[in-house]
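All heavy atoms count here, side chains included; hydrogens, waters and symmetry mates do not.
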Amino acid sequence: MADAQLSRGNDGDCEVDCQASENVAPSVLANCGRPRLLSNLFAQMPGTVFQLRLEPDGRAYYPYISQSVFDLYGISPESLRKDASLLLRAVHPADRNAVVRALHDSRQSMHPCRREFRAILSDGSLRWRLAEAMPKRLSDGSTVWDGYVCDISSQKELEELLWRQINFDVLTRLPNRQLFRSHLEQAMKQARRDNSQLALLSLDIDNFKDVNDTLGHDVGDRLLWMAAQRLQECVRESDIIARLGGDEFIIILNCLGDHGGVKRVSREILKRLAEPFALGEHVSHVSASIGITFYPQDGLGVEDLLRNADHAMYAAKRRGRNCFSLYTPSMQEIANNRMTLTNDLRAALVDYPFQLYYQPLVELGSGEVRKAEALIRWQHPVRGLVNPAEFISIAEETGMIDAIGNWVFNTAALQAAAWRDAMHPDFQISINLSPAQFRADDGALKSWMSRLPQLGVSGAAIAVEITEGLLLEASDDVLQHFLALRDAGIQVALDDFGTGFSSLSYLKKFDIDYIKIDRSFIQNLAIGSDDMALCEAIIVMSHKLGIKVVAEGVETEAQRDLLIAAGCDFAQGYLFSRPLPAFEFSAWLQERHSSGSQE
């Protein structure tokens, strides 16, 4: 700013050297002959133009301030020419000290003063303002600032919107992954200062994909929003909840006294999330799996804690879901083994070192065996025979299930054709169909049905076993898949009946040929027991709908006899035979036929 020599005359008016008049406030230009022109110009500007003077004795006033100050705050420019503190009162109380400090620093350094602050207008509204002013030291020791104040509320609102979009989840309005990491780092620092501990809870909503796939993403989003509300009701205001994405949430519980409090919070969360969700026309039931890790006991870094919480959460899922699990060091080993198994499984898709084992389905009325279930096994080069319970979930998560499923279908179809020639023309093999394969728009089913004529196999030689969860899906794709199976002559069995979302309406809607009663109902089968009553009801209901019934996990003659008395159609289990390789199954079946065995 160009120099302007100011002095105070005997009458209190400011005098000015007109050579620099364009750089000084209008009130100082009275002697230059252009005050009205500049005053009119400043009056038309959207902000407030001012000159602030601070005397050596601490007295502050505005030699000039534009008329907009009255429009905004109801304070007259004349009163501010005597006392600048009147305008300071319009600054939000939380920002006043910062404004005064900024002026003090500018006076000391003679650097420009720039400060954002909130101002309370005469109508009571709150607006963001930006003040910028250039200081000048006068010969008498006074400091003069020539400056301008403008409204930046729209800019601040935009900044706030952008900040929230960057740091908060749009759906649930919870902190997102980025902001959560910042919160966790701060919480860890606080725990170190206080010599305290914190807990990190990793939470995943069980079977949320089923809700999305069956009821639609809008309904799924509504469930997530409601779940977030329930989570917030379970924790303190000082605790942090974030949504990492999908149905994954994470919670920081601060300033813990003991682990018992964390367990109580976890139980409350499980209880609240298990309550029905009213989603418009639908009511949904879900549960959650929670993994818990502690700082600093289990890890000292953000990544360590996140990894530990995830390991514990997956352990909770393996325990059956709807529960919580505390992190233990052994979980890292389990995770490493799972990663190794995943890599080994990917390598196995090169030469397919898999085998199919077959377990007979015995017709209880006649004792004949014309059906078998194909069960996959993996011949691992180091671990030997690996049970599907260990690797099928990995295959589904990684997308390898398609290739494995195709191999199972081709192998089973060829075996069914061979046994139809050698044993019985109606022999049928059932194979388990992953929901991931069934849902695919152009998935396994189309390629399977096109393969049947090439293999010279009738569709009746194959049955597919699906889980109850698929029946919840009312999408056109799922319905079309069922119709395609029916057109190809492939029968459908509903596996593990009674453990999922059993409903008569689903059984009526879809073409189901067989219901397989889950082994959990068979284990304690006894006359007069609840399991017996349930089995009898399932059998009667199914027969009324024209559906045959298979009992799984039959291990004793007493169980077999009770099922026969109840009218069950088929049974499978160790009473008859464990799953066998194809050549052993053939030998077993031939021996059974030659001996006329009914067991």
Side-chain angles (χ1 to χ4, degrees), residues 1-92 95-117 119 129-152:
M1 175 179 293
D3 288 343
Q5 300 300 321
L6 281 78
S7 65
R8 180 166 294 281
N10 294 330
D11 59 356
D13 293 331
C14 292
E15 299 176 354
V16 64
D17 178 356
C18 291
Q19 292 179 354
S21 61
E22 67 274 14
N23 296 307
V24 189
S27 64
V28 188
L29 302 179
N31 297 327
C32 296
R34 294 185 291 174
R36 181 174 298 178
L37 173 63
L38 291 176
S39 294
N40 291 339
L41 175 63
F42 292 146
Q44 297 177 39
M45 296 178 67
T48 300
V49 178
F50 68 87
Q51 183 181 77
L52 173 64
R53 180 163 180 157
L54 180 62
E55 299 283 4
D57 61 5
R59 188 168 65 92
Y61 57 92
Y62 287 91
Y64 174 83
I65 190 165
S66 56
Q67 183 64 31
S68 61
V69 73
F70 179 78
D71 301 332
L72 292 169
Y73 308 110
I75 304 173
S76 68
E78 291 76 14
S79 62
L80 291 173
R81 292 193 185 107
K82 298 177 181 179
D83 185 3
S85 66
L86 297 175
L87 188 55
L88 187 62
R89 296 171 191 171
V91 177
H92 191 281
D95 296 340
R96 284 174 191 166
N97 287 339
V99 170
V100 172
R101 188 166 54 250
L103 285 170
H104 174 77
D105 293 343
S106 176
R107 182 188 185 191
Q108 292 289 88
S109 66
M110 295 308 293
H111 291 158
C113 179
R114 187 179 193 277
R115 186 71 197 182
E116 296 177 359
F117 61 92
R129 310 283 284 171
L130 170 63
E132 295 186 277
M134 181 69 71
K136 174 69 178 179
R137 189 90 69 200
L138 303 183
S139 58
D140 65 354
S142 300
T143 304
V144 173
W145 287 271
D146 293 314
Y148 176 77
V149 181
C150 62
D151 190 290
I152 57 169

Taking atom [atom1] of [X] and atom [atom2] of [Y], what is their separation to the nearest 0.5 Å?
{"X": "Phe70", "Y": "Ser79", "atom1": "CZ", "atom2": "OG", "result": "9.5 Å"}
{"X": "Gln67", "Y": "Ser76", "atom1": "CD", "atom2": "OG", "result": "8.5 Å"}
{"X": "Phe50", "Y": "Leu87", "atom1": "CZ", "atom2": "CG", "result": "9.0 Å"}
{"X": "Thr48", "Y": "Tyr62", "atom1": "OG1", "atom2": "OH", "result": "9.5 Å"}
{"X": "Leu72", "Y": "Asp151", "atom1": "CG", "atom2": "CG", "result": "8.0 Å"}
{"X": "Arg115", "Y": "Leu103", "atom1": "CZ", "atom2": "CG", "result": "10.5 Å"}

For [X] and [Y], work out which heavy atoms get closest and say how close.
{"X": "Arg59", "Y": "Asp57", "result": "N-OD1, 3.0 Å"}
{"X": "Ser66", "Y": "Pro77", "result": "O-CG, 4.3 Å"}
{"X": "Pro63", "Y": "Arg81", "result": "O-NE, 3.5 Å"}
{"X": "Ser68", "Y": "Gly47", "result": "OG-O, 3.2 Å"}
{"X": "Ala60", "Y": "Leu54", "result": "CB-CD1, 3.9 Å"}
{"X": "Ser142", "Y": "Glu55", "result": "OG-OE1, 2.7 Å"}

Practice task
State which residues pass side-chain hydrogen bond (donor to acceptor under 3.5 Å, both in side chains) with Asp71; sequence neighbours excluded, sorted by chain then number.
Solution key: none
Practice task
Among Tyr64, Tyr61, Trp145, find the one that has a side-chain contact (heavy atoms from CB on, under 4.5 Å) with Leu52.
Solution key: Trp145
Handout entry: With Leu130 via side chain to side chain contact (heavy atoms under 4.5 Å, CB included) - residues at least two apart
Key =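 Arg114, Glu116, Glu132, Cys150, Ile152.
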Practice task
Using side chain to side chain contact (heavy atoms under 4.5 Å, CB included) as the criterion, list what pairs up with Gln108, not counting sequence neighbours.
Solution key: His104
Problem - Arg137 backbone acceptor or donor facing Thr143 side chain under 3.5 Å - result: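 Absent.
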Practice task
Sort and list the pairs that fulfil salt bridge (charged side-chain N to carboxylate O under 4.0 Å, His left out) and have at least one residue in residues 96-112, not counting sequence neighbours.
Solution key: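 Output for this query is empty, none listed.
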Handout entry: Sub-4.5 Å side-chain heavy-atom contact between Leu138 and Arg53
Key =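 Touching, per the 4.5 Å side-chain cut-off.
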